[in-house]
Amino acid sequence: MWYNKVMKGNQIIECHDQNLKVDKIPKNYLELGNDALREKITTARKTLGDKLYIMAHHYQKDEVVEFADVTGDSLYLSMGAAKNKNAEHIIFCGVHFMAETADILSEDWQNVYLPDENAGCSMADMANLGDLQIAWEKLLSKFGATILPLTYVNSTAQIKAFVGENGGACITSTNAKTVVKWALEQNKKVLFLPDQHLGRNTAYELGVVLDKMAVWDYKKQELVPQNAEVAPEIILWDGYCSVHQQFNLNNIERMRVENPTAQILVHPECSFEVVQNADLSGSTNKIIETVADAPRGSVFAIGTDNNLVGRLRQKYESEKEIHFLNFYSCSCATMNRIHLPHLAWNLDNVLDNNHQQKIEVDKKTATSALRSLEKMFEIMRS
């Protein structure tokens, strides 16, 4: 694990990624108290009015979500940014690939910012363009031009661009079954980037047996198993979400004993074994909707980012019982880099016409990446 856990007794207060670069934020923002920061943020929002649009991913800290105009998953927020034709300044409280997607989908005159440029995604970073180009050439030499690439929206703009240039599509955890089904119907092998678990769980649900799947080890640049002479139907990039790999069968078995009436809900970025032994797997929105629609007195154990689970516990505490599937798991360390000082600093920069935290995808990459996103939208409409 890449986490450094900060403990208070037996409770995790915060998790940090030890490999991140030094934060650029001026020291004076870190020295301000929360009340002063909230006042600064509130004043800036009033000053900017409709020219400002603050978006927060579901996994953000409560203190950030408090000031968001909208919360949601990454693509929902990016599409919301594209629909907003009033805001000149869009602050995306999430991670780097999310802000890139918002920049691709928004207008040229709109500015998209990431309050902390170090807020990346370990899974997205597991698939870079250089490694993909090498993999693509090797796979083409082995299987011929029979491969169709798909990329999870949790990927860099460069990966989305490559997929768009090669006839593929983006995918989300919500529409994964629909897009993978479309890809398989093209009578080609699917190269699924960058999360092997979402790819495996989705393909299996569509009836593809595990023996028809292989993993591309991007570090060794080889297919596993190597004896896959007959092309597998699904080639899974060896990437994963660090947060969702913290849930395992022991967590489920313990929960079944301690809370036998609990329904276990997990995200499809969890391992195959966890998904198969859960009561339900689904996207973040699916988990939220399931809890919201459940009758009073329902009991759940949820395996996803603990910031979201904590908010669900608080929201439904008087009517439903909600447990962390793994109480000791960390929330996303990079997502949690954004907090009140970063938001206040970003807003001050906007007021000063300082674009330091602006995320901008170059035109060529954005055009190709848009192809993969538009292909996804086309599939969903058909």
Side-chain angles (χ1 to χ4, degrees), residues 1-9 11-49 51-69 71 77 87-100 102-103 110-122 124-125 156 242-243 305-307 310-311 330-361:
M1 275 300 171
W2 48 295
Y3 292 120
N4 176 31
K5 299 179 180 180
V6 179
M7 306 290 293
K8 183 177 182 181
Q11 183 180 1
I12 296 173
I13 303 173
E14 198 164 350
C15 303
H16 302 289
D17 181 347
Q18 302 178 81
N19 300 317
L20 288 170
K21 298 175 183 177
V22 175
D23 201 339
K24 297 178 183 177
I25 187 169
K27 186 178 178 182
N28 61 293
Y29 287 94
L30 300 174
E31 294 173 342
L32 285 173
N34 284 348
D35 289 343
L37 289 165
R38 285 190 170 91
E39 183 178 351
K40 182 180 279 288
I41 291 167
T42 300
T43 300
R45 291 182 74 207
K46 288 179 180 177
T47 301
L48 291 164
K51 291 183 179 181
L52 175 69
Y53 193 49
I54 300 177
M55 303 183 296
H57 190 272
H58 285 306
Y59 297 170
Q60 286 290 301
K61 290 175 176 289
D62 290 347
E63 65 189 49
V64 172
V65 171
E66 173 187 347
F67 290 100
D69 295 301
T71 58
L77 294 174
E88 180 182 349
H89 305 289
I90 299 168
I91 296 181
F92 205 127
C93 298
V95 294
H96 198 273
F97 76 80
M98 298 177 187
E100 283 186 329
D103 181 60
Q110 292 178 302
N111 301 305
V112 177
Y113 305 90
L114 184 64
D116 185 345
E117 295 168 277
N118 282 329
C121 170
S122 61
D125 290 344
T156 67
S242 299
V243 168
D305 187 275
N306 282 349
N307 276 340
R311 274 196 294 277
C330 282
S331 295
C332 179
T334 48
M335 192 83 73
N336 275 267
R337 288 188 64 88
I338 296 172
H339 46 96
L340 290 181
H342 286 95
L343 185 54
W345 178 41
N346 197 164
L347 286 166
D348 277 351
N349 281 337
V350 169
L351 290 170
D352 292 339
N353 199 30
N354 181 339
H355 294 174
Q356 182 172 348
Q357 292 135 303
K358 183 177 177 180
I359 302 298
E360 192 168 13
V361 180

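All heavy atoms count here, side chains included; hydrogens, waters and symmetry mates do not. Throughout, numbering of the chain's residues begins at 1 and tracks the sequence.
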Please find the pair of heavy atoms, one from [X] and one from [Y], that lie closest to each other, and give the distance.
X	Y	answer
Ile359	Ala99	CG1-CB, 3.8 Å
Leu77	Phe92	CB-CZ, 3.6 Å
Ala124	Thr156	O-CG2, 4.1 Å
Val95	Cys121	CG2-CB, 4.2 Å
Gly94	Ala119	O-CB, 3.6 Å
Ser331	Asn307	OG-N, 3.3 Å

Would you call [X] and [Y] a side-chain contact if the rule is heavy atoms closer than 4.5 Å?
X	Y	answer
Leu340	Phe67	yes
Val65	Arg311	yes
His339	Leu30	yes
Leu48	Leu347	yes
Gln356	Lys24	yes
Leu343	Cys93	yes
Leu52	Val350	no
Asn349	His355	no

Rounded to the nearest 0.5 Å, what's the gap from [atom1] on [X] to [atom2] on [Y]? Could you check?
X	Y	atom1	atom2	value
Lys358	Glu117	NZ	CD	12.5 Å
Thr334	Asn118	OG1	CG	10.0 Å
Thr42	Glu39	OG1	CD	8.0 Å
Tyr59	Ile338	OH	CD1	15.0 Å
Asn28	Trp345	CG	CH2	10.5 Å

Partners of [X] by side chain to side chain donor-acceptor pair (under 3.5 Å), sequence neighbours excluded?
X	value
His96	none
His58	Asn285
Asp305	none

### Task
Scan for side chain to side chain donor-acceptor pair (under 3.5 Å) pairs involving residues 29-38, sequence neighbours excluded, and state none if there are none.
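Passing the test, one end in residues 29-38: Tyr29-Asp348, Arg38-Glu66.
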
### For Asp116, salt bridge (Lys or Arg N to Asp or Glu O under 4.0 Å) partners two or more places apart
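Partners of Asp116 by the salt bridge (Lys or Arg N to Asp or Glu O under 4.0 Å) criterion, ordered by chain and then number, come out as Arg337.
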
### Task
With sequence neighbours left out, write down each residue that passes salt bridge (Lys or Arg N to Asp or Glu O under 4.0 Å) with Lys46, or none if nothing qualifies.
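Once residues adjacent in sequence are excluded, Lys46 has no partner under the salt bridge (Lys or Arg N to Asp or Glu O under 4.0 Å) criterion.
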
### Query
Do the side chain of Asn336 and the main chain of Cys332 share a donor and acceptor less than 3.5 angstrom apart?
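Yes, the answer is positive, given that a donor and an acceptor are paired below the 3.5 Å cut-off.
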
### Query
Under 3.5 Å, is there a donor-acceptor pair between the side chain of Asp103 and the main chain of Val112?
no

#### Entry: side-chain contact (heavy atoms from CB on, under 4.5 Å) partners of Asp69, counting only residues at least two apart
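In terms of side-chain contact (heavy atoms from CB on, under 4.5 Å), with neighbours along the sequence ignored, Asp69 is linked to Arg45, Tyr53, Ile54.
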
### Query
Under 30°, 30 to 60°, or over 60°: which ring-plane class applies to Tyr113 and His89, parallel, tilted or perpendicular?
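Tilted: the ring planes of Tyr113 and His89 meet at 30° to 60°.
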
